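Inspection log for the structure reproduced underneath, given as structure tokens.
Note: hydrogens, waters and symmetry copies are ignored here, and every other heavy atom, side chains too, is used. Given the structure is predicted, the values throughout are model-derived calculations rather than measurements. Residue numbers begin at 1 in each chain, while the letters A, B, ... track the order of the sequences.
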Protein chains: 2
Amino acid sequence: MTKPRSRRGGGRPTIADVARKAGVGAITVSRALREPGRVSEDLRRQIQEAVDELGYLPDPNARALASARAEVFGVLVPSLTNSVFAEVLRGIYDSLSDSSYRIQLGNTHYSGLEEERLLQVFGPQRPAALIVAGIDQTPTSRRLLETAGCPVVQVMETGPDPVDMMVGFSHFDGGKAATEHMIETGYRRIGFIGARMDPRSQRRLAGYRAAMEAAGLFDARLITTTPVPSSVTLGRELFRDALAKVPTLDGVFCNNDDIALGVLFECHRASIAVPKTIGITGFNDLDMMEVAFPSITSIRTPRYEIGRLSVAMALAAIAGKRPQEPVVDLGFELKCRESTAR
Amino acid sequence: MTKPRSRRGGGRPTIADVARKAGVGAITVSRALREPGRVSEDLRRQIQEAVDELGYLPDPNARALASARAEVFGVLVPSLTNSVFAEVLRGIYDSLSDSSYRIQLGNTHYSGLEEERLLQVFGPQRPAALIVAGIDQTPTSRRLLETAGCPVVQVMETGPDPVDMMVGFSHFDGGKAATEHMIETGYRRIGFIGARMDPRSQRRLAGYRAAMEAAGLFDARLITTTPVPSSVTLGRELFRDALAKVPTLDGVFCNNDDIALGVLFECHRASIAVPKTIGITGFNDLDMMEVAFPSITSIRTPRYEIGRLSVAMALAAIAGKRPQEPVVDLGFELKCRESTAR
DNA sequence: AAGGCAGATGGTAGCGCTACCCATGACGTC
DNA sequence: GACGTCATGGGTAGCGCTACCATCTGCCTT
């Protein structure tokens, strides 16, 4: 009974089926679905009925081809397991869940080359927007972003020269604020412990250094870093190294909270009093920092908000409403807790 | 000089441009790119040159429309911030990074309705494969998966009735093993503390109950759960509740490691000796469990491997090589540590 | 020598949708 | 009454690619 379907289509109803059933032209169905305001009330209802009866769902691939625009947000993060990016992603997803945009997520593994490769994969799809972590793209990546023909939001950091838009905060200032807090509290031999040392970590280190130098406390031996990916385990090990190198250490500013937690556990294990003998400050303020014993001082970063706002800005740009100020600094907050309360 | 491009295409070279330049038919270019073996050595080289010179990249949308198949893996997870799924994702990404498949990631927020919505969005795209977390799909979701027309892998758990394929382990057995370990170690009033209580948590609880009943130790008042999402903070609070309810508590099996960490911190804070007064067992064995002080006993789950294998199975199925056994149980491992060593 | 067959290449006709342009009618303006 | 303008709807022609089928060549059978 049913009319024979073509070889390729799986037999799903097409826009032509809906048009036939509703007694209108295909283009009118297309309009009714995308710009309901431009179709009369009557036809709109009629078309909706046909859509419901047939269970019609537009083919996103055909749409993308015809309109040279895919309803896809491309998102590039350097790591999936780093919970910092997980929360940015959560913000992105929450802001996009009401829309029909799909999200294509790429993992750059902190590699510029991998980022280039992924942009090369994303580009030809003509995504509706691109959200990328970081501001230190390679020249090739930057060119790919500039020629992507869609809004681009760089997130996590702020800087002077956005490809298009930026949402983040200053890691330098964060590192500086954390260090200054420890200095004010009375710590003197404050170490810096960092892993991975991606560009953001480097800037936190620079902030640490600026604060230490300003106070006349800087000493290169206080710095302990590694390119190895960050983990709680690594925090413990780096702390041991730092202490072996500088036995007079009386505080540590940790590149992130995982490291800080590792330091705290090692202090417990070695019966080093926190905050009395050693003060600890982390970075990011993960949930567990407040619960830890003693609770750990950290820099609260607006990760979720960065995700939300990046999408809001991208959607506004898609709608033609470019923001007055393309770079938004969401700031951070120093959370003073027991680990530096002496 | 360049010939005028159509209104829509952004001026990118198309397959026709490559064909013209190489002096062959468009279809031969298409074949050279997708099935090099079917084109003669000579033409292949010629075409490759033209591709390189023009910087040609195939349009994935046109490809998807013409072949009724998008080079996209659809992945559905219930949470982005739960590091358990982050590691599954990492496995998926690592296994797919050499291929040209893109990954579309959906976040179901532990909601069956949201899962249905996302499947409805993914379906019309004709993805190459679908990977979904969990085995408790709604009837609608199940139908959508069955009619997706592509390989489907359910991950994280094993069960008797796969939609297509499954990779995971038994959460019931995991909960049972953890509880039996505590019983054998001498704990008697062992509480269960759980948050979120999604289907996997429920099965861990069932395993706990089975072990406790078998030992004649079960008491419903030992169970403390909440539908609230899991966090370290919540672990502390639920432990306080549990202790208030059953002051004679001498151990807890925690639904996951976040909870266990919260319990550990609360024990520190309240000067409760671990493992002497209270034994603690977690679930998943995150990195930090081994570093914690005291280190925390946990069930190591093969999260990364689940991600890897799910992709391997999907790719094999795409290539027409269906596995002998569609359900793969990757097991788990009990990691005995200081938190239950008395 | 006729037929068959496999391998390599090309032509045609879409895939399902939307951009662009046009047709129509109702209403206003001078 | 001729002419715009606006709102509404439709027709046509692609978007860039691949499925399907046809063609052509060379070589093997018999």
### Task
Could you pick out which residue, B/R31 or A/A16, lies toward the 5' side of DNA chain C when each is mapped onto its nearest nucleotide?
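So the residue in question is B/R31.
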### Side chain of B/R63 - closest among C/dG10, D/dC17, D/dG10
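From the listed options, D/dC17 comes nearest.
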Value in whole Å for how far the [atom2] atom of [N] lies from [atom1] of [X]:
{"X": "B/I15", "N": "D/dC15", "atom1": "CD1", "atom2": "C1'", "result": "14 Å"}
{"X": "A/L65", "N": "C/dT18", "atom1": "CG", "atom2": "C1'", "result": "10 Å"}
{"X": "A/I27", "N": "C/dG16", "atom1": "CD1", "atom2": "C1'", "result": "12 Å"}
{"X": "A/E71", "N": "C/dG16", "atom1": "CD", "atom2": "C1'", "result": "15 Å"}
{"X": "B/R20", "N": "D/dG16", "atom1": "CZ", "atom2": "C1'", "result": "13 Å"}
{"X": "A/L33", "N": "C/dG16", "atom1": "CG", "atom2": "C1'", "result": "13 Å"}
{"X": "A/Q125", "N": "D/dC17", "atom1": "CD", "atom2": "P", "result": "14 Å"}

### Query
Just checking, is any N or O donor in the side chain of B/S30 or B/R34 under 3.5 Å from an acceptor N or O on the other one?
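There is such a pair (donor and acceptor under 3.5 Å, judged by atom type) between the side chains of B/S30 and B/R34.
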Check this for me, if you would: do [X] and [Y] make a salt bridge, where the nitrogen-to-carboxylate-oxygen distance has to be below 4.0 angstrom?
{"X": "B/D136", "Y": "B/R200", "value": "no"}
{"X": "B/E49", "Y": "B/R45", "value": "no"}
{"X": "A/E114", "Y": "A/R117", "value": "yes"}

### Query
So does B/S30 get a side-chain nitrogen or oxygen closer than 4.0 Å to the phosphate oxygens (OP1/OP2) of D/dT18?
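Affirmative; the distance criterion is met.
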### Interatomic spacing from CZ in B/R44 to CZ in B/R38 - rounded to 0.5 Å
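Interatomic distance, B/R44 CZ to B/R38 CZ, rounded to 0.5 Å: 12.5 Å.
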### Query
Just one of B/V84, B/I92, B/L105, B/V88 clears the side-chain contact (heavy atoms from CB on, under 4.5 Å) bar with B/V77, so which one?
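The single option meeting the side-chain contact (heavy atoms from CB on, under 4.5 Å) with B/V77 is B/L105.
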### Query
Quantified as the angle between the terminal helix axes (five pairs each), what is the overall bend of the helix from C/dA1-D/dT30 to C/dC30-D/dG1 to 10 degrees?
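Its terminal axes enclose an angle near 40°.
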### Query
Does the side chain of B/I306 come within less than 4.5 Å of B/R303's, by heavy atoms?
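The answer is no; the side chains never approach within 4.5 Å.
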### Message
Can you pull out the residues from residues 34-62 of chain A that lie within a 4.0 Å heavy-atom distance of DNA chain D?
### Response
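Heavy-atom contacts with DNA chain D come from A/V39, A/S40, A/L43.
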#### Entry: Smallest separation among heavy atoms of A/I15 and A/Y56, with atom names
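Looks like N-CE1, 3.5 Å.
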### Query
Do you know which two heavy atoms are closest between B/M313 and B/P326, and how far apart they sit?
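That would be CE-O, 3.7 Å.
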